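All of these numbers come straight from a predicted model, not from anything done at the bench.
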Amino acid sequence: MIPTPHINVSEQDIIAETVLMPGDPLRAKFIAETYLESPIQFNTIRNMFGYSGTYKGKKLSVMGSGMGMPSIGIYSYELIHFYGVKNIIRIGSCGALQKNIKIRDIIIGMSASTTSNFASQYNLPGTYAPTASWSLMKKAVAIADSKGIETKVGNVLSADVFYDEDTDSWRKWANMGVLAIEMEAAALYMNASRAGVNALGIFTVSDSFTSHEVTTAEERQNSFTSMMEIALECALD
Ligand code: ADE
């Protein structure tokens with residue numbers, strides 16, 4: 001059933017099998033214009049821009065996911081189920097929960113704990129552990145290593161609340177070894193697992209719960225470049 005309610009594309013092969021998903025649609029535009037050869041814009045509905053082009057000769061798409069699990073849940077579902085997408089790599093920012101993780105560090109989300117009820121739709125008789133695709137994660141770590149980019153690999157928290165001012169709950173997640181907070185990976189991992197396709201989240205630390213440091217726009221841009229390089233190379237065979 002295409003076009004879908006949120007992606008106005010009538011031919012399936014306009015969207016590549018691999019899609020990079022930043023939260024911000026303008027970042028998708030920037031990535032397409034900076035890294036893709038011959039990019040074409042395929043989506044403008046709700047300004048959730050999506051582009052397809054090639055990277056080093058391989059077809060690749062990039063599309064914004066919006067913020068939060070309902071938003072990435074909708075876009076990733078439509079991409080996977082109606083446009084035949086097989087690999088989704090989220091590239092985003094996160095807030096560090098551990099003292100040894102500094103702003104601008106790069107985190108690879110092996111798994112994603114969550115405060116959301118997204119998993120309730122599956123009626124599971126227990127607690128599900130949303131997990132990244134091993135093949136994508138192995139590739140991302142190898143690419144980062146080969147480029148001399150240090151990464152921290154582990155569990156992230158996909159939270160439903162950004163301004164959590166009435167609790168100090170981040171400390172409890174930190175005590176469980178969770179590396180950082182973001183807001184989308186768990187839903188992406190669940191959608192991908194349920195459909196038997198691959199997903200991975202790669203994050204740049206933009207702020208820290210322990211040091212209260214935040215990145216400047218310029219710092220975010222530079223560290224973003226390293227994260228992008230890992231994600232782009234990951235999309236190659
Ligand atoms: N993304 C970047 N920083 C974040 C934070 N502190 N909480 C949730 N998501 C984030």
Side-chain angles (χ1 to χ4, degrees), residues 21-23 65-73 76 88-134 136-138 140-141 144-145 149-194 198-216 219-220 223-224 226-227 230-231:
M21 293 200 95
S65 71
M67 288 184 284
M69 283 171 270
S71 187
I72 198 166
S76 60
I88 298 182
I89 304 173
R90 160 160 158 70
I91 37 180
S93 60
C94 65
L97 297 182
Q98 305 290 340
K99 285 200 182 79
N100 68 328
I101 300 179
K102 311 288 179 215
I103 55 168
R104 298 189 300 278
D105 281 359
I106 293 177
I107 291 181
I108 294 183
M110 179 159 65
S111 49
S113 301
T114 187
T115 57
S116 113
N117 259 337
F118 198 87
S120 65
Q121 67 184 296
Y122 306 116
N123 289 315
L124 296 164
T127 307
Y128 186 69
T131 307
S133 144
W134 167 241
L136 282 180
M137 195 177 84
K138 189 169 58 164
V141 172
D145 286 349
I149 301 170
E150 197 195 325
T151 54
K152 304 258 184 346
V153 183
N155 195 355
V156 297
L157 174 68
S158 301
D160 263 346
V161 177
F162 187 90
Y163 296 107
D164 184 9
E165 57 182 30
D166 287 334
T167 73
D168 239 0
S169 61
W170 71 268
R171 289 183 200 282
K172 296 189 173 140
W173 294 103
N175 289 344
M176 290 303 291
V178 172
L179 303 181
I181 302 191
E182 58 84 65
M183 305 186 80
E184 291 83 16
L188 174 63
Y189 291 0
M190 285 189 250
N191 268 352
S193 296
R194 178 70 180 84
N198 302 308
L200 177 68
I202 308 176
F203 313 94
T204 311
V205 177
S206 59
D207 52 277
S208 168
F209 282 74
T210 63
S211 71
H212 305 292
E213 282 177 288
V214 291
T215 41
T216 62
E219 286 170 332
R220 274 201 296 278
S223 40
F224 168 78
S226 301
M227 174 174 70
I230 300 171

Apply side chain to side chain contact (heavy atoms under 4.5 Å, CB included) to N100 and K152, showing your working.
-> CA-CA 10 Å; N100 68 328; K152 304 258 184 346; 4.1 Å; yes
Test T115 against V161 for side chain to side chain contact (heavy atoms under 4.5 Å, CB included), laying out the working first.
-> CA-CA 8 Å; T115 57; V161 177; 5.9 Å; no
Heavy-atom closest pair, residues A159 and I181 = CB-CG2, 3.8 Å
For S116, does its backbone N or O pair with a side-chain atom of T114 as donor and acceptor, under 3.5 Å?
-> yes
Can you tell me how far the CD1 atom of I101 sits from the OG atom of S211, to the nearest 0.5 Å?
-> 11.0 Å
Partner of L200 under side chain to side chain contact (heavy atoms under 4.5 Å, CB included), chosen from M137, M110, R90 | M137
Nearest 0.5 Å, what's the CD1-CZ distance between I106 and R104?
-> 11.0 Å
Shortest non-hydrogen contact from Y189 to G201?
-> OH-N, 2.9 Å
Measuring from S93:OG to I103:CD1, what's the distance to the nearest 0.5 Å?
-> 12.5 Å
Between N198 and S133 the two heavy atoms that sit nearest each other are OD1-OG, 3.3 Å
Any side-chain heavy-atom pair of D164 and W170 under 4.5 Å = no
Minimum side-chain heavy-atom gap F118-S158 below 4.5 Å | no
For N117, does its backbone N or O pair with a side-chain atom of S120 as donor and acceptor, under 3.5 Å?
-> yes
For the residue pair E184 and S65, what are the closest heavy atoms and their distance?
-> CG-OG, 4.4 Å
Would you mind reporting whether I107 and C94 have side-chain heavy atoms less than 4.5 Å apart?
-> yes
Not counting sequence neighbours, which residues clear salt bridge (charged side-chain N to carboxylate O under 4.0 Å, His left out) with R171? List them please.
-> D168
How many angstroms lie between CD1 in I72 and CD in E182, if you round to the nearest 0.5 Å?
-> 8.0 Å
Any side-chain heavy atom of M67 sitting closer than 4.5 Å to one from F162?
-> no
Are L97 and W173 close enough that some pair of their side-chain heavy atoms sits under 4.5 Å apart?
-> yes
Under 6.0 Å from the CD atom of Q121, do we count more than 12 heavy atoms belonging to anything else shown?
-> yes
Closest heavy-atom contact between D160 and M69?
-> OD1-CE, 3.5 Å
For I91 and M227, which heavy atoms make the closest approach, and how far apart are they?
-> CG2-CG, 3.9 Å
Distance-only, no hydrogens or angles: does the N155 side chain make a donor-acceptor pair with backbone N or O of S113 under 3.5 Å?
-> yes
How many angstroms lie between CD1 in I88 and CG in L188, if you round to the nearest 0.5 Å?
-> 5.5 Å
